[in-house]
Amino acid sequence: MQKVLPEKLSRSAVVWQMLAFSWLLLPHLSWIPIWLMLLSAFGLSARWLIHSGRIGFPHWSIRLFLVLIAAVGLGFSFGVSASLEAMVALLIAGMALKLFEVYRRRDALVLIYVGLFLTGSGFLLEQSLFMAPYLLLSAAFLIAALNSVWMGADVTLLKPLKVAGFMLLPALPLMLVLFVVFPRIGPLWSVQTDTPVAKTGLSDTMSPGDVSRLTRSGELAFRVVFDQGAPPPSSQRYWRALVLGDFDGRAWRQSASYDSSPEPLLQRERFVHYTVIQEPSGRPWMFALDAPVTSDDVRMTRARTLMAASDIHQRRQYRLMSALSYHLQPELSEVDRTRYLSLPKSSNPRAQALADQWWQDVDYQPQAFIQRVLMEFNRDFIYTLEPAALGAQAIDDFLLNTRQGFCEHFAGATAFLLRHVGIPARVVTGYHGGEWNPLQNYLIVRQYDAHAWIEVWLEGQGWVRLDPTEAVAPERILQSADEVFSGQAGFLADRPLNTWVSGRWLRQLQLQYDALNFSWQRWVLNYHQQQSNFLSQWLGELSYQKIALALIVPFVFVTGILSWILLRARPMLPDDPYRRSLQKLLRYLSRKGLERNPEETIRQFALRLLSEYPELSSSLQKLADVDDLIRYAEDTSPVQYQTFNKAIKECYRRAKQLSV
Amino acid sequence: MAAVLTDKVLTCVSRLDEVLLGKSHQIRLAVTCLLAGGHLLIEDLPGMGKTTLAHALARVFGLQDTRVQFTSDMLPADLLGISIFESSTGRFVFHPGPIFCQLLLADEINRTTPKTQSALLEAMEEGQVTLEGMTHSLPEPFFVIATQNPLTQFGTFPLPESQLDRFLMRIALGYPDPASERQLLMRGGERQGGNISSVLTPEELLQARSDSQGIHVSADLIHYLQRLVQFTRDSDDFSQGVSPRGALAVLRCAKSWAWLHKRHHVVPEDIQAVLPAVIGHRVRRSDDVGGQSAEFLVEQLLRQVDVLPSK
């Protein structure tokens, strides 16, 4: 049996390389340009045809041509910018090109190492629950490919994978230890990872149709975990995002100049502590239960909304405290009063006239006026996702003609009416409600939970939340949005299959899936935000020594067990020092790829090596001579042992010169 | 003195090489078998040179040989001899049979009946013949070279295992390699055995035998032999292991082989060289009925037992 491995790759090696490459390519198929797909497919089929001997290795001119195609393609698809996609595409193109010329072991190694890089880059594009096991498998496949490269020609197809499994098994606990304990260091350089895809979400203006448009999407907006476990009742779950104070006749906008300090919040009661895990929105605003009291590290605007320093492109987690019962800004300054009363003079004249009439009817009592407005809504108006289109004077049209609308219509119109009669009012947008997931005790808030309501300033009470939608469609406030809307056209219209799961167990399944995903995001993807808390729970007060120990001890433990298993399988060295040194020499040679077969005596072994390694062979023969004398003639004179030791040394010297 | 004797035996070997072309390993095995004082079984197809080898062996070692062709109607008396009443003396006089020689070539031993076979084998074991209460010693040295056709051939009585055990070695000659066969054909097939002269006297052969058995055997070597034997006893592939007699036989042959190669001590190569011939007919694969796979089995055995002790 010749132990020196052939340089040519076995069938198993080729199959594993192809499999690993295809597996790696699969998640990227959604975005890579078509020419790269073709190049990859071409590379795979060429690899197979070359291996099975149906075609030869392509001529260098063909290879050069392919390289040029790849270079031009990369330049054409990604330009000169070194974007992330361009880098990953470069790796894929490199692997595909390498497939054309894998002949020797070295080529295969290049392919596999590039594959390992590509595995890591998979996370840059997606970090879902499925990506992690998928990429773990791809690492296993690559290691199987690596094994098969070294396993010689007669290896079976599955053995490399089996061995890879056994190799990865002890790595799993170490992976966990590294994940849990290893300190998270900020990136040394950062790569712009977001893809400029328009996200659905609240915008900073509100005109009729804006909020109802969001109900077309079932996308996740954010999730909330409450410290006390259960959420506040649905009627209290108003998630404040933006306060819109300026009206231009059609759209409500954020007021431009706010004081820096938040409006004072007095007589705060019924506090709620909670954590929000917000999905990337591409906008800076964040969500807080009405009304936020403190926020750990997020800036609070004048109108008590939360604003991140920059647009949120990555999932973000923040802790907040809100008071469910409060008085917001009981004293209104003249500037603020003017701001929250200002209306464009000429807009919506019929609505203004209507307001004047009702104001007169209620004898100029603000509370009664509000009741009157809500009563009108309740009596004559229809709450619908798809109201009729409104003309230029939108509020006139809504109040007097169409009389149907969604929450933003009602909120906008109410604020308009109140302002006209001299009651300060502003529109608040955000989300309402959310779906409770009892499996993991958290609240899911989706885009279709988007909502608009108003705040009205009353003497002695400050800003009071007023939800006109409650008057026209109380079920919207008491039930979850999907229960209310599920029958309506337009609801979730943007979902790919446009079907909303209504079956009981399907619903359950969906909740379970979301719970799983949530745990994944919270405990794995967002672990870095909780690492120090988590570790100090386990280790007490954190110090560098403790962290280093927590890292080193498991490694020592695992490597200790591994080496115990490996060494146990290895035969013991003989006690006799001279036999021991002989066995050591033989082991050394077998590591060099020269293995003695069990039935071979040292002389026979030496003779087998004669043609390939004549010098080593002659040294080994000398060793065999003296070994025979000691072992079989039982000549134990000291001179024999000296000769023996010299012969051993000579063998080592010869073996070191070998390049196997 | 010993070296001179070895050289003489090696001269015998080279003479034999000239007679039987391209079979030097088998010739050395056969000579080793004689040196170890055992009987030889040559198993092969007809026309492979079994008889030629046996004849030539007898000639070079200067032994008085007799050839007996075994047939199915042969009786033990045809081999051992018979007492005949002589009217002149009025007594039974023993007329020795062909077995009373130094080298008996028992051709196609498996063609005769078990009765005759056991008569021969008993004589081989005891070194004497007992007939009608009278014991007749066989000459010294006394060798039997038996040939047999493979058992698949028609009209044969296979030797039982217990009797196969009486033979120290079993060898097969096999077809000659192309070069040897060409030489054989060029020579025209004339028998070479007839004109070779003896090199050794029977006394020298006895001396060589005692010399070779006096060779040094180290503890390590015994250990290796024990490991081999133990393997045949432990492994499921073997229907039965090698007996202590078999192990002794291996050691005797290994000593002779070492002596033949001018060594003063036995090395594992010696054991490996003789092992297939010595235990090939003493072991049997557990799933094999015909007994044809022994060689393969012994090869496996050698391959699986490490020459160097693991501890």
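Numbers restart at 1 for each chain; the letters A, B, ... are given by sequence-line order, proteins then strands.
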Can you list the residues of residues 265-279 of chain B that sit under 4.5 Å from chain A, counting heavy atoms only?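 So the qualifying residues are B/H265, B/V266, B/V267, B/P268, B/E269, B/Q272.
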
Between the side chains of A/D625 and A/R603, is the shortest nitrogen-to-carboxylate-oxygen separation below 4.0 Å, so that they form an ion pair?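 Looking at A/R603 and A/D625, the cut-off is met.
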
Is the closest basic N to carboxylate O distance between B/D211 and B/K255 below 4.0 Å?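 Judged by the 4.0 Å cut-off on N to carboxylate O distance, B/D211 and B/K255 do not form a salt bridge.
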
Of all residues at least two apart in sequence or in a different chain, which pass the salt bridge (charged side-chain N to carboxylate O under 4.0 Å, His left out) check with A/R631?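 Scan of A/R631 (salt bridge (charged side-chain N to carboxylate O under 4.0 Å, His left out), adjacent residues dropped) gives A/D627, B/D220.
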
Results of salt bridge (charged side-chain N to carboxylate O under 4.0 Å, His left out) for B/R245 - residues two or more places apart only: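 Salt bridge (charged side-chain N to carboxylate O under 4.0 Å, His left out) check on B/R245 returns B/E125, B/D165.
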
Show every salt bridge (Lys or Arg N to Asp or Glu O under 4.0 Å) that has at least one partner inside residues 19-36 of chain B, sequence neighbours left out.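 Every salt bridge (Lys or Arg N to Asp or Glu O under 4.0 Å) pair that includes a residue of residues 19-36 of chain B, provided the two are not neighbours, is B/D17-B/R28.
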
Under a 3.5 Å distance rule, please check whether A/T559 uses its side chain to pair with a backbone N or O of A/F555 as donor and acceptor.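 Pair found, side chain donor or acceptor close to backbone of A/F555.
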
